[in-house]
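To start, the structure itself, in structure tokens.
Residue numbers start from 1 in every chain, and the chains themselves are labelled A, B, ... in the order their sequence lines are given, proteins ahead of strands.
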Amino acid sequence: MTSFRDLLRETKSRIREIDTAGAETEVARPDTVVLDVREPDEYQQGALPGAIHIPRGHLESQIEARVPDHDAHIVIYCAGGTRSAFAADTLTQLGYSDVVSMAGGFNRWKDEGRSWRTPVSLSAEQRNRYQRHILLPEVDVAGQAKLLDSKVLCIGAGGLGSPAALYLAAAGVGTIGIIDMDVVDESNLQRQILHNMDRIGERKVDSAKKTLTLLNPDVTVVTYDVRLGADNIVDIFSGYDVIVDGTDNFPTRYLVNDASLKLDIPVVHGSIFRFEGQASVYLPHQGPCYRCQVPEPPPAELAPSCSEAGVLGVLPGIIGSIQAMEAIKLLLGLGEPLVGRLLAYDALEESFRTFRVNRDPECAACSIPKEQLVIAEYNELCMPHPVGVAAH
Amino acid sequence: MRVVANGEPVHLADGAALVDLFERLGVGAKWVVAEVNGQAVPRRDMAARRLADGDVIELVRAVAGG
């Protein structure tokens, strides 16, 4: 009969082991996957920086989702080097070609004074609430903790702001700011799903706060019951990670653009009209800005508002949801955000088209240094404009 | 010549530019994003960009509602 000692010796003869010093060199390489196979309570007390955590009992079932590349260089560790040896053997059987086990494990690593961290942790309630996020390796506990620590400002609690704020709150974005100076009207309820019959006549920001807090008590909702203007925009925007622009007029969009350039905050743009909607992401000074795309607003006769021309109520639901998606992608550094691309949706055709938008080297706002950009409004035209100290 | 704008055929005078198409469609060059044969048209070339028979143009005008 094979004893534990025999089994361990045979296993170790089949795998490759490295010492902690060698592991430290390998862990420092960006393409190394560091895999912690200990139990959750051991992991929570301290782990190697950047380690992914799969308890050995779940290794076979989860490894392929978490590490799809079978040729990835994987350094496995446990507390002392025994479980990691068995885990390395298992991964080799599963076809992973470049797996090593760290002899001595986390205990020796820590005793030798090498760097480690306490992993971010979520409460048991949060682990349950965000379970479907945590299952995504691209989000995981670290991504969820990042969302909970993020701040997103929604401009407008109307058609676009409603779905955007609802999904951001549901996703666990920790701080959501809402700017709106309107009150809830019955005619809003055809599309503004933050509000309801009980809220008619109430400040929209207060109604939004009630809805979002009921949905997710993890979220702190900060309300601004003010008109956004050149005098207050910088103060309000400061400290936010992402701006979700769901305003309903051109002048405010230019104001939002200029302030975001000044403060280096990305803007997730959404706009709608009748059966058409658009979304884009303006990453200050890296991609085009709103003025590169629309250097000046159309004259009023060519730009009727939704209140004059109507809008199908589902349309902002689609565009506002895309805005929430793009905001979360920016916060987590996921995928390809809509930078330099304008996504145009046509509800009647049921089609999406993507237009490439380039930076305008002569753009009045983003081609000048942000220090020189002055945020101003034309009073008579209700049209903000950048005042650059003439560079030429 | 005949071009295709957002899937619809449009007849224009030979030698017409993008701006002539915009005029025909009643949209202003400054609030339109356009691609000709899949290539983005830079803002400064928007008005003067010459079109050729068979060109496929996709365009979208800015909207601001929320």
Side-chain angles (χ1 to χ4, degrees), chain A residues 155-161 245-253 270-274 276-278 280 288 290-299 302-311 315-316 319-320 340-346 349 351 353-363, chain B:
Chain A
I155 316 220
L160 293 169
D245 182 3
T247 186
D248 60 0
N249 61 84
F250 281 103
T252 306
R253 293 187 185 278
S271 54
I272 50 166
F273 181 66
R274 288 171 44 83
E276 293 168 55
Q278 299 171 7
S280 192
Y290 185 62
R291 285 184 190 272
C292 297
Q293 183 191 317
V294 194
E296 59 183 67
L302 289 176
S305 70
C306 290
S307 59
E308 296 157 26
V311 61
L315 180 68
I319 301 297
R341 291 185 293 152
L342 178 68
L343 183 69
Y345 172 64
D346 184 323
E349 282 183 9
S351 67
R353 287 179 190 160
T354 307
F355 290 81
R356 197 145 283 284
V357 179
N358 296 317
R359 271 189 86 174
D360 180 357
E362 286 152 27
C363 173
Chain B
M1 66 174 171
R2 179 180 171 277
V3 299
V4 177
N6 284 357
E8 299 289 333
V10 179
H11 291 276
L12 295 170
D14 285 349
L18 203 48
V19 71
D20 299 311
L21 174 67
F22 292 159
E23 208 165 286
R24 175 73 64 82
L25 300 175
V27 294
K30 283 180 175 162
W31 37 94
V32 167
V33 171
E35 287 181 354
V36 177
N37 302 325
Q39 296 294 311
V41 182
R43 172 66 49 206
R44 62 184 176 284
D45 304 340
M46 194 71 96
R49 175 70 160 79
R50 292 266 162 220
L51 295 177
D53 189 53
D55 276 351
V56 175
I57 299 106
E58 295 285 332
L59 60 110
V60 64
R61 66 201 165 119
V63 296

(request) List the atom of B:V33, the atom of A:F355, and the distance in Å for their closest heavy-atom pair. (result) CG1-CB, 3.7 Å
(request) Keeping the roles fixed (side chain from A:S271, backbone from B:V63), state whether a donor-acceptor pair exists under 3.5 Å. (result) yes
(message) Just to be sure I understand the criterion: a residue of residues 38-46 of chain B counts if one of its heavy atoms is under 4.5 Å from a heavy atom of chain A. Which ones qualify?
(response) B:A40, B:R43, B:R44
(request) Please list, in residue-number order, every residue in residues 5-12 of chain B that has a heavy atom less than 4.5 Å from any heavy atom of chain A; write 'none' if there are none. (result) B:N6
(message) For a quick test of reading the model, state the closest non-hydrogen atom pair linking A:A344 to B:V60 and the distance between them.
(response) CB-CG2, 3.9 Å
(request) Would you confirm whether B:E58, through its side chain, and A:T354, through its main-chain N or O, come within 3.5 Å as a donor-acceptor pair? (result) no
(request) Side-chain contact test, heavy atoms from C-beta onward, threshold under 4.5 Å: evaluate it for B:K30 versus A:V294 and give yes or no. (result) no
(message) Tell me the closest heavy-atom pair linking A:F273 and B:R61, and the distance in Å.
(response) CE2-NH2, 3.9 Å
(message) Does any backbone or side-chain atom of A:S280 lie under 4.5 Å from a heavy atom of chain B? Answer side chain, backbone, both or neither.
(response) neither
(request) Measure A:C363 against the heavy atoms of chain B and call it side chain, backbone, both or neither at under 4.5 Å. (result) neither
(message) If we define contacts as heavy-atom pairs under 4.5 Å, which of A:E349, A:E276, A:R356, A:R353 has the most with chain B?
(response) A:R353
